[in-house]
Peer 1: 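Below is one structure. I have some questions about it.
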Amino acid sequence: SNARKRPRSTSPGPNTGSLGKGSGVPGGASLARRLLGSDESRNEALNDLLRITVSHEINYALDGDQLLKALCSVFYEVIGWDPDEEDEDEKEGADNEKDNDHVDSDGDGEINFSAKEAWLKPMTPECEKWANFCQSALSKSNLSVDELKCLEVILTVFRNLSFVSANLRLMAYSNDVLSILVGCLYEQSSKLVGALEDNNNNATVLTLNALGTLINLSPHLDVTGQPLLVDKLFLNSTSTGAPPEDGAKLPDPSTFGQAADGSWGFGSMYLAKKLDTKEDVVQDVPKEILLQLTQEYLVRVWSIFPAIGRVLMDTTAPRVVTMVAMDLLQEFINQARVGVVGNVEDQEDSDDIPNIRAILVYIPDKILQRLADFLYIPRLSSDSLEYTDPVVNVVTRVNPLKLLAGYDATVDADVRDRALDVLVPLLELDSPGMAKRLGTKEGGITNTRVFDSVVPILAAQSGRNEAPLLASQLLRELSKAEENKKGCLYVQERVIAIASKDPRVAHLAFNHLYAKEGD
């Protein structure tokens with residue numbers, strides 16, 4: 001689990017003399033003006049923000065969206081992105097949107113929110129342009145040390161702010177904040193294939209902070225747009241400058257609570273009757289109304305998924321980035337497990353916007369296989385030692401435990417356990433369809449690599465205590481697909497050998513994997 005706003009050794013400590021509770025904390029408007037001033041003023045404001053947001057005593061809550069807008073403006077300025085130019089491009093390219101896979105060619109440029117295409121690429125040409133720009137701009141070769149440090153501070157401030165619950169709505173509903181967080185997931189890693197982790201701690205520092213922020217914001221990241229629609233209609237924002245305990249702080253407050261004051265007449269009453277306060281949704285609302293109020297937000301939330309896929313598929317990404325990316329994926333899976341009913345295919349036939357479950361079920365096979373590959377990643381950690389191979393006289397690095405040549409000494413248990421946390425509930429979202437995809441290759445050939453990776457975990461002594469239990473659940477999910485029976489037979493001898501020593505594995509083997517064969 002992520003430590004809450006843990007101050008880094010390189011970050012200055014809180015200056016209680018000028019920024020403590022007793023002296024008062026600068027307001028968002030004041031900090032925003034300093035951020036948009038000279039370079040010296042901007043750097044001082046960023047240092048002050050680090051001191052404020054890292055403090056547990058202050059728990060800095062934003063008093064409006066001025067500060068977020070200023071931080072986003074500084075970010076855009078540093079990387080050389082002009083949002084105004086983007087707006088002009090949107091107007092000029094409106095006629096060409098029909099060429100995009102996500103745009104409905106039968107409608108008037110209406111975006112097609114399809115779960116099957118959610119992982120392929122960003123939702124709109126503008127989002128794709130932004131992703132390509134970030135992929136080329138956010139690299140150490142294109143940024144100076146000072147520029148990179150400035151971006152790192154901004155992302156660290158975002159992450160620190162996301163630990164305060166009063167800031168979550170304000171950040172999650174800010175289109176610029178979401179765009180920046182998604183764009184940072186396209187940061188290029190400077191790590192070379194096979195390079196040591198210790199030499200690449202700062203290889204993807206922007207990606208790491210962006211992932212951590214998205215994890216904290218995940219309760220407000222909804223792919224259907226319903227929570228935002230409810231807030232747009234019925235949530236009144238407090239006035240700018242009021243203390244956070246007085247109510248929610250929202251970006252562009254005038255766009256929220258549009259039906260709460262009764263100005264829509266009978267329309268307000270109609271929508272209020274359709275409001276389900278328990279589920280936080282407006283029932284039977286026309287899709288046109290929902291998109292009119294939430295489309296910009298939805299486009300950015302849906303663009304998170306191709307970015308996550310890119311991070312997971314990046315073989316040069318540092319270990320910690322991969323683990324945090326799986327944590328973010330797990331947060332979305334936890335959302336999808338709430339109230340799972342019906343078949344996913346029914347949503348594709350419906351005109352409604354698909355929910356998070358449908359998006360996860362249609363995760364591409366290559367990403368699903370990549371998650372399975374994480375079940376066995378060779379261990380090479382900081383406690384390894386240098387030695388000279390007496391046979392070939394080549395200097396290598398090896399963990400002392402590897403001399404025992406056992407499974408627990410050669411596997412990265414942390415990455416493996418994260419993968420188990422993701423795969424088990426992911427397969428449960430659409431059983432046995434997901435199990436069939438994971439356990440077989442094209443042509444119905446058994447994916448023996450998956451079974452070879454799972455079986456040793458049943459008797460593992462490294463990692464978390466529940467890892468063998470999760471491995472049992474994963475094998476049980478795999479066995480539900482008729483196409484995986486060959487795979488179960490492939491590992492039968494090894495599973496039975498473990499079952500003779502472990503009653504839990506014996507229950508798995510004789511009640512699930514091989515129950516029919518024993519009758």
Peer 1: Does a donor on one side chain and an acceptor on the other come within less than 3.5 Å for Gln369 and Asp373?
Peer 2: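 Side chains of Gln369 and Asp373: pair found under 3.5 Å.
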Peer 1: Between Trp130 and Tyr76, does the ring centroid distance fall short of 6.0 Å?
Peer 2: yes
Peer 1: Just how far is it from atom CD of Glu77 to atom CG of Leu36, taken to the nearest 0.5 Å?
Peer 2: 8.5 Å
Peer 1: Just so I know, are the side chains of Arg42 and Arg34 near enough to count as touching, which here means a heavy-atom distance under 4.5 Å?
Peer 2: no
Peer 1: Which residue in the set Leu371, Ile308, Asp421 passes side-chain contact (heavy atoms from CB on, under 4.5 Å) when paired with Met326?
Peer 2: Leu371
Peer 1: Once rounded to the nearest 0.5 Å, what's the spacing between atom CZ of Phe305 and atom CD of Glu117?
Peer 2: 15.0 Å
Peer 1: Between Ser174 (side chain only) and Met171 (backbone N and O only), is there a donor and an acceptor less than 3.5 Å apart?
Peer 2: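 Between the backbone of Met171 and the side chain of Ser174 there is no qualifying donor-acceptor contact (under 3.5 Å).
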Peer 1: Rounded at 0.5 Å granularity, tell me how far CD1 in Ile363 sits from CZ in Arg370.
Peer 2: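 If we round to the nearest 0.5 Å, Ile363:CD1 and Arg370:CZ are 12.5 Å apart.
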Peer 1: Using 4.0 Å as the upper bound for N to carboxylate O, is an ion pair formed by Arg464 and Asp414?
Peer 2: no
Peer 1: Cut-off 3.5 Å, side chains only: do Lys232 and Thr255 have a donor facing an acceptor?
Peer 2: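 Yes, a side-chain donor-acceptor pair sits under 3.5 Å.
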Peer 1: Return the CE to CG distance between Met323 and Asp412, rounded to the nearest 0.5 Å.
Peer 2: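 Taking CE in Met323 and CG in Asp412, the distance rounds to 7.0 Å.
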Peer 1: Taking the side chain as C-beta and beyond, is there a heavy-atom pair between Leu423 and Leu375 under 4.5 Å?
Peer 2: yes
Peer 1: Walk me through it: do Trp119 and Tyr362 pass the test ring-ring contact (aromatic ring centres under 6.0 Å, His included)?
Peer 2: CA-CA 8 Å; Trp119 295 86; Tyr362 286 115; over 10 Å; no
Peer 1: With distance as the sole criterion, is a donor-acceptor pair present between the side chains of Arg300 and Ser179 under 3.5 Å?
Peer 2: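 A donor-acceptor contact under 3.5 Å links the two side chains.
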Peer 1: What distance do Asp352 atom CG and Leu290 atom CG have between them, rounded to the nearest 0.5 Å?
Peer 2: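 Rounded to the nearest 0.5 Å, the CG-CG separation comes to 9.0 Å.
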Peer 1: Is the closest side-chain heavy-atom distance between Val285 and Leu229 below 4.5 Å?
Peer 2: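 Val285 reaches Leu229 side chain to side chain.
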Peer 1: So, does Thr53 use its side chain to make a donor-acceptor pair with the main chain of Leu49 at under 3.5 Å?
Peer 2: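 Such a contact is found between Thr53 side chain and Leu49 backbone.
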Peer 1: Do Met434 and Leu368 touch side chain to side chain, with heavy atoms closer than 4.5 Å?
Peer 2: yes
Peer 1: Evaluate the criterion side-chain contact (heavy atoms from CB on, under 4.5 Å) for residue pair Asp327 and Arg418; output intermediate values, then yes/no.
Peer 2: CA-CA 7 Å; Asp327 286 341; Arg418 290 280 203 304; 3.0 Å; yes
Peer 1: For residues Leu291 and Ile111, determine if any side-chain heavy atom of one lies less than 4.5 Å from a side-chain heavy atom of the other.
Peer 2: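 In short, these two side chains do not touch, never coming nearer than 4.5 Å.
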Peer 1: Quick one: CG on Leu233 to CD on Gln258, what's the gap to the nearest 0.5 Å?
Peer 2: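 Separation between the atoms: 6.5 Å.
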Peer 1: Under 6.0 Å from the NZ atom of Lys366, do we count more than 12 heavy atoms belonging to anything else shown?
Peer 2: no
Peer 1: Taking all heavy atoms of Leu206 and all of Leu138, pick out the closest pair and write down the distance.
Peer 2: CD1-CD2, 4.0 Å
Peer 1: Could you tell me if the side chain of Cys72 sits less than 4.5 Å from the side chain of Val177, heavy atoms only?
Peer 2: yes
Peer 1: Tell me if the aromatic rings of Phe133 and Tyr186 count as close, with their centers under 6.0 Å from one another.
Peer 2: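 No; Tyr186 has its ring centre 6.0 Å or more from that of Phe133.
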Peer 1: Under 3.5 Å, side chain of Asp222 to main-chain N/O of Gly225, donor-acceptor pair present?
Peer 2: yes
Peer 1: Are the side chain of Ser30 and the backbone N or O of Gly27 linked by a donor-acceptor pair below 3.5 Å?
Peer 2: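 No, the answer is negative, given that no donor and acceptor are paired below the 3.5 Å cut-off.
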Peer 1: Are Tyr173 and Asp231 close enough that a side-chain donor and a side-chain acceptor fall under 3.5 Å?
Peer 2: yes
Peer 1: When you check the side-chain N and O atoms of Gln226 and Thr224, is any donor under 3.5 Å from an acceptor?
Peer 2: no
Peer 1: Between Asp314 and Thr316, do the side chains contain an N or O donor and an N or O acceptor separated by less than 3.5 Å?
Peer 2: yes
Peer 1: Please determine whether the number of non-hydrogen atoms from other residues, nucleotides or ligands lying under 6.0 Å from atom CE of Met269 exceeds 12.
Peer 2: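 No, because the 6.0 Å sphere around CE of Met269 holds 12 heavy atoms or fewer from other groups.
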